[in-house]
Amino acid sequence: MKVGIVEKPGVLKVVDRAEPEIKNAADVKIKVKRVGICGSDIHIFHGKNPFATYPRIWGHEFVGEVSAVGGGVQNVNVGDHVVVEPITFCGKCYACRQGRPNICENVNVYGVHIDGGCAEFVVLPSEKVHKLPVELPWDEAVLIEPFTIGAQACYRGNVQKGDYVLVMGAGTIGLTAAAMAKLYGGIVIVADLVDEKLEYAKGRGTDYIINSGRENMIERAREITGGMGPNVVIDAVCIKKTFEDAVMVTSAAGRIVELSFNEVPSEIAPVNIIKKELTICGSRLQTHRFPVVIDFINQHKLPLSGFVSKTFPINEMEQAFDYVDKNNAKVRKVVITI
Ligand SMILES: NC(=O)c1ccc[n+]([C@@H]2O[C@H](COP(=O)([O-])OP(=O)(O)OC[C@H]3O[C@@H](n4cnc5c(N)ncnc54)[C@H](O)[C@@H]3O)[C@@H](O)[C@H]2O)c1
Ligand SMILES: [Zn+2]
Ligand SMILES: [Zn+2]
């Protein structure tokens, strides 16, 4: 079968591998249909993901059809459409015992630490898959994993009905966070530098947009919120300045959700945190968010149409990565079809 690998930093290849077979009673075999290219896949390709080892079958955003099941599988049947929850965890460490396996001390992400979904077939434990409605188009199903990241950010920021939620960044992750914040009843403000991305957000339920290149983001967000500042600020730009801006703009009793893997320190005076009793939390991957997102999909509440910017067949995987690299300003999600 064909698989897409990052052989080593800078080298992508489609190669032949033996088709995996079911080994355990709890395994499912999936015929993969779509794999989304994420910013982190681009980082793996460029050798900039500290967790990745090579060679690696990339892909943590993938969906497909169940083609075989082990004797002990109960949650899905052959022919079911599924999305994969792409993490493994130990179940024993402190974080796991707190019900937060996404930050397990031994967490592994498919496509990063272990082989992922850019393959004609994958075999994995049935507990990693969630069943989808068969009528959901594959090009929309493949967006579920990124939407779980946005859902996690809203969950960590405890977005409540009527909260003003500022999402910095209208890239893939910012857009998913904005859409989820809207579903949780937030009044959503999105800030970015690119008008086209802002217009897309506006057309999908965002209440206010700010072009941070032309406007003073902090002043404008204060103005929109009647001087209070947004109650929840989600940083999906992830640079030094956006973390600093978040601390300045968030309202008293507000929450800041940091998504950044950035190692560059921000300069933040503690007084600006304590005087407003800000809660600053990290949000990494997701935990228990797949059922939440799938539920919204079943209710037709998620704005998925038009989110995929372009698709490429697996044979054109290199062109697909190149396209993402060169078109960051207009790409929402590029997807590989298998
Ligand atoms: N914590 C997690 O679980 C997690 C998961 C996925 C991605 N991430 C991180 O989230 C970040 C966003 O990911 P993405 O895929 O959406 O990236 P992206 O590149 O698609 O989006 C970033 C957006 O920020 C905008 N931007 C850049 N500078 C800006 C500025 N000064 N002010 C306002 N907007 C600005 C860009 O125009 C772009 O739209 C990345 O840093 C990524 O590493 C975190
Ligand atoms: Zn991703
Ligand atoms: Zn653990």
Side-chain angles (χ1 to χ4, degrees), residues 35-44 48-51 58-62 84 86-112 116-117 142-153 156 166-178 189-198 200-201 209-218 220-221 234-246 257-264 281-287 289 309 324-325 327-335:
V35 191
I37 302 179
C38 178
S40 60
D41 299 318
I42 299 288
H43 290 146
I44 293 170
K48 288 187 186 150
N49 184 318
F51 307 115
W58 67 275
H60 59 272
E61 303 173 2
F62 56 111
V84 174
I87 60 170
T88 70
F89 46 89
C90 76
K92 296 184 187 129
C93 71
Y94 181 75
C96 283
R97 285 186 278 117
Q98 296 291 310
R100 296 167 66 178
N102 54 319
I103 43 170
C104 169
E105 36 183 72
N106 302 304
V107 72
N108 282 317
V109 180
Y110 289 104
V112 183
V142 71
L143 297 166
I144 291 171
E145 195 276 347
F147 272 86
T148 67
I149 307 297
Q152 179 79 3
R156 296 286 293 145
L166 169 64
V167 180
M168 294 188 286
T172 314
I173 298 302
L175 288 173
T176 67
I189 309 163
V190 173
D192 201 286
L193 303 171
V194 181
D195 285 326
E196 195 197 341
K197 293 192 174 199
L198 290 168
Y200 180 87
I209 53 177
I210 303 176
N211 186 312
S212 320
R214 287 199 301 271
E215 298 172 275
N216 180 316
M217 200 265 310
I218 292 182
R220 180 74 187 113
I234 297 173
D235 181 8
V237 176
C238 304
I239 57 175
K240 175 178 184 287
K241 184 173 187 305
T242 46
F243 191 18
E244 293 164 356
D245 284 354
V257 182
E258 234 340 298
L259 286 157
S260 185
F261 288 97
N262 200 338
E263 292 183 1
V264 179
C281 47
S283 182
R284 184 177 181 199
L285 309 167
Q286 60 75 41
T287 185
R289 297 300 108 190
S309 324
V324 177
D325 254 348
N327 293 282
N328 187 271
K330 59 179 182 195
V331 160
R332 274 180 296 280
K333 179 59 66 185
V334 170
V335 169

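Order of listing sets the numbers, starting from 1, for every ligand and every atom in it. Just so we're clear, the structure is a prediction, and the values are computed from it rather than from any experiment.
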Close-contact set for ligand 1 against [X] heavy atoms, below 4.0 Å:
X    : result
V194 : 37 (O)
S212 : 32 (N), 33 (C)
I239 : 31 (N)
A236 : 11 (C), 12 (C), 22 (C)
A170 : 39 (O)
S283 : 1 (N), 2 (C), 3 (O)
K197 : 38 (C), 39 (O)

### Query
Within a distance of under 4.0 Å, is there any protein heavy atom near atom 42 (C) of ligand 1?
no
### Message
Please report whether atom 16 (O) of ligand 1 has a protein non-hydrogen atom at a separation of less than 4.0 Å.
### Response
yes
Which heavy-atom pair separates [X] from [Y] by the least distance, and what is that distance?
X    : Y    : value
V190 : G169 : CG1-O, 4.2 Å
V142 : G36  : CG2-N, 3.5 Å
K197 : V331 : NZ-O, 4.0 Å

#### Entry: Opening angle at the Zn ion (ligand 3) [SG, C96; SG, C104; to 10 degrees]
100°
#### Entry: Heavy-atom donor-acceptor pair, Q152 side chain to T148 backbone, under 3.5 Å
no
Are [X] and ligand 1 in contact, using a heavy-atom cut-off of under 4.0 Å?
X    : answer
S260 : no
L175 : no
C238 : yes

Purely on distance, is any nitrogen or oxygen of [X] under 3.5 Å from one on ligand 1?
X    : value
R284 : no
L259 : yes
L285 : yes
F261 : no

### Worked verdict on Y94 versus E105 for side-chain contact (heavy atoms from CB on, under 4.5 Å)
CA-CA 8 Å; Y94 181 75; E105 36 183 72; 5.8 Å; no
### Query
Which is closest to atom 24 (O) of ligand 1 in terms of heavy atoms, D192, N211, V324, T172?
D192
Return the closest protein heavy atom for [atom] as residue, atom name and distance.
atom                    : result
atom 5 (C) of ligand 1  : I149 CG2, 3.6 Å
atom 20 (O) of ligand 1 : G171 CA, 3.4 Å
atom 26 (N) of ligand 1 : V237 CG1, 3.8 Å
atom 7 (C) of ligand 1  : I173 CG1, 3.6 Å

So, taking the atom named [atom1] in [X] and the one named [atom2] in [Y], what distance separates them when rounded to the nearest 0.5 Å?
X    : Y    : atom1 : atom2 : value
L143 : E61  : CG    : CD    : 8.0 Å
E145 : I87  : CD    : CD1   : 9.5 Å
R220 : I209 : CZ    : CD1   : 9.5 Å
S212 : K241 : OG    : NZ    : 7.5 Å
L198 : L175 : CG    : CG    : 9.0 Å

### Query
Side chain or backbone of N328 under 4.0 Å from ligand 1, or both, or neither, by non-hydrogen atoms?
side chain
### Query
Which bit of L193 is near ligand 1, meaning a heavy atom under 4.0 Å away: side chain, backbone, both or neither?
both
### Query
Within a radius of less than 6.0 Å around NZ of K240, do more than 12 heavy atoms belonging to other residues, nucleotides or ligands occur?
yes
### Message
Please check if the number of heavy atoms outside R100 that lie under 6.0 Å from its CZ is greater than 12.
### Response
no
Is any side-chain heavy atom of [X] less than 4.5 Å from a side-chain heavy atom of [Y]?
X    : Y    : result
F51  : V109 : no
D195 : R214 : yes
N102 : V107 : no

### Task
Could you give me a count of protein N/O/S atoms that are under 2.8 Å from the Zn ion (ligand 2)?
3
### Query
Would S40 and N49 count as having a side-chain donor-acceptor pair, cut-off 3.5 Å?
no
#### Entry: Identified side-chain contact (heavy atoms from CB on, under 4.5 Å) partner of M168 from the options I234, D192, D235, I189
D235
### Message
Quick one, Y110 with T88, criterion side-chain contact (heavy atoms from CB on, under 4.5 Å). Give me CA distance, side-chain angles, the key distance, then yes/no.
### Response
CA-CA 8 Å; Y110 289 104; T88 70; 3.8 Å; yes
